[in-house]
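Worksheet: the structure to be examined is printed underneath.
Numbered from 1 within each chain, the chains take letters A, B, ... in sequence-line order.
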Number of protein chains: 2
Amino acid sequence: MNKPCNQHIAESKEQLKAGSLKITSARLTLLDILKHAKKPLSIKEISLRLGEVDLVTLYRNVESLQNLGIVKQINLKDRQAYYELSGGEHHHHLICTNCGKLEDVQVEEIKLNKTFLKNHGFAKVTDHSLEFFGICKNCDR
Amino acid sequence: MNKPCNQHIAESKEQLKAGSLKITSARLTLLDILKHAKKPLSIKEISLRLGEVDLVTLYRNVESLQNLGIVKQINLKDRQAYYELSGGEHHHHLICTNCGKLEDVQVEEIKLNKTFLKNHGFAKVTDHSLEFFGICKNCDR
DNA sequence: GATATTAATGCAAGTCGTTTGCGTTTGTCA
DNA sequence: TGACAAACGCAAACGACTTGCATTAATATC
């Protein structure tokens, strides 16, 4: 298995302790990968960087980190899920339906005009999806 | 297989002809079901209403209709896809993460305040996802 | 520092939504 | 009405993800 770089290890250990998760190198490296990622990663992509950690362990670990609110799951038109750190600036995503290229978009920038497109190296935005998730009154009781 | 109601048959036939798809009762009924649906439906939900049409046929038909721009695929946190007619008023979705209850939301109504929540029978909105899909400059050449 | 406890891991197998291959049936058009 | 391509159904495959269970390793306690 690959080793995490030193930069974020202390912080990662803190986060795991705070969530009463055991500190394992699979988790430290996973956190390290996500902390260095410039875009949401699929399980496969994480796995490639992670080395010889079982996929099952990886699935279980991203789930634990999701439950702690450290990691966020992204759902695209793709059949697979993507993961990113949930801290950091609030943003959305811009995805090329042809090649899958993905860019982060800040909220203030969300104006579907030519400037917006130019800034992000996109020729056109053909579609978008906006979903709200919450708890309905029935489930809130 | 269930029969489509008469109301929309003519329109559906037109749509299929315009897309040079053959007019089959599987397709007419599928379109009829979507035209009467109040929310996006999963393949399973459509299949229940559709009766004895093979799932494979259903998958192929929603795909054809998607290619014609008649049907739109919705991706939620769920592992399965949902389908709705792509015509009609532009709107987004509000989904209960507990029970899966789904409501349509008009764009103008998108203000995350108490009134918004009350209007939709939701206790709280915990999360939302906003994804833009398009063609990047690289793929546009 | 050794040890008990409990969580984390790896492996095998299973599940579920979706897709593919292929032979048969059925719309459509001449 | 018959030819032909498109649509269909069935079986099997696929890929993302999950579950069960026995083994291993991190933490707490002595």
Base-contact (B) and sugar-phosphate-only (S) positions in nucleotides 2-13 of chain C, heavy-atom cut-off under 4.0 Å, - elsewhere
----BBSBBBB-
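- Contacts of B:Glu45 classified as salt bridge (Lys or Arg N to Asp or Glu O under 4.0 Å), with partners at least two apart in sequence or in another chain: B:Lys39.
- For A:Lys17, there are no salt bridge (Lys or Arg N to Asp or Glu O under 4.0 Å) partners, not counting sequence neighbours.
- Summary for the helix from C:dG1-D:dC30 to C:dA30-D:dT1: the axes at its two ends, each from 5 pairs, differ by 30° when rounded to the nearest 10 degrees.
- Judged as a side chain to side chain contact (heavy atoms under 4.5 Å, CB included), and not counting sequence neighbours, the contacts of A:Ser47 are A:Leu55, A:Leu58.
- Applying the side chain to side chain contact (heavy atoms under 4.5 Å, CB included) criterion to A:Glu63, with sequence neighbours excluded, gives A:Asn67.
- Summary of the strand contacts: B:Tyr83 and B:Lys17 both lie near DNA chain C, and taking for each the nucleotide with the nearest heavy atom, the more 5' one is attributed to B:Tyr83.
- If you take CG on B:Leu50 and CD1 on B:Ile33, they are separated by 4.5 Å, rounding to the nearest 0.5 Å.
- Contact annotation: B:Tyr59 side-chain N/O to C:dT18 OP1/OP2 distance is under 4.0 Å.
- Of the residues in residues 38-48 of chain B, B:Ile43, B:Lys44 come within less than 4.0 Å of DNA chain C through at least one heavy atom, sorted by number.
- Checked against side-chain hydrogen bond (donor to acceptor under 3.5 Å, both in side chains), A:Lys35 has the following partners two or more places apart in sequence or in another chain: A:Glu11, A:Ser12, A:Gln15.
- Taken from CZ in A:Arg60 to CG in A:Asp54, the straight-line distance is 8.0 Å, to the nearest 0.5 Å.
- Partners of B:Gln80 under the side chain to side chain contact (heavy atoms under 4.5 Å, CB included) rule, at least two apart in sequence or in another chain, are B:Ser42, B:Asp78, B:Tyr82.
- Along DNA chain D, read 5' to 3', the first and last nucleotides having any atom under 4.0 Å from a heavy atom of chain B are D:dA5 to D:dC17.
- We find the CG-CD1 distance between B:Leu34 and B:Ile70 to be 10.5 Å, quoted to the nearest 0.5 Å.
- A:Leu16 and A:Leu85 fall within a single hydrophobic cluster, where Ile, Leu, Val, Met, Phe, Trp and Tyr side chains are chained together by heavy-atom contacts under 4.5 Å.
- Annotation: the span from B:Leu28 atom CG to B:Ile23 atom CD1 amounts to 6.5 Å, rounded to 0.5 Å.
- Put simply, CD on B:Gln80 is 11 Å from C1' on C:dT18, counting in whole angstrom units.
- For the pair A:Ser86 (side chain) and A:Gly69 (backbone), a donor-acceptor distance under 3.5 Å is present.
- Checking A:His93, A:Gln73, A:Lys72 one by one against A:Glu84, the side-chain hydrogen bond (donor to acceptor under 3.5 Å, both in side chains) holds for a single residue, A:His93.
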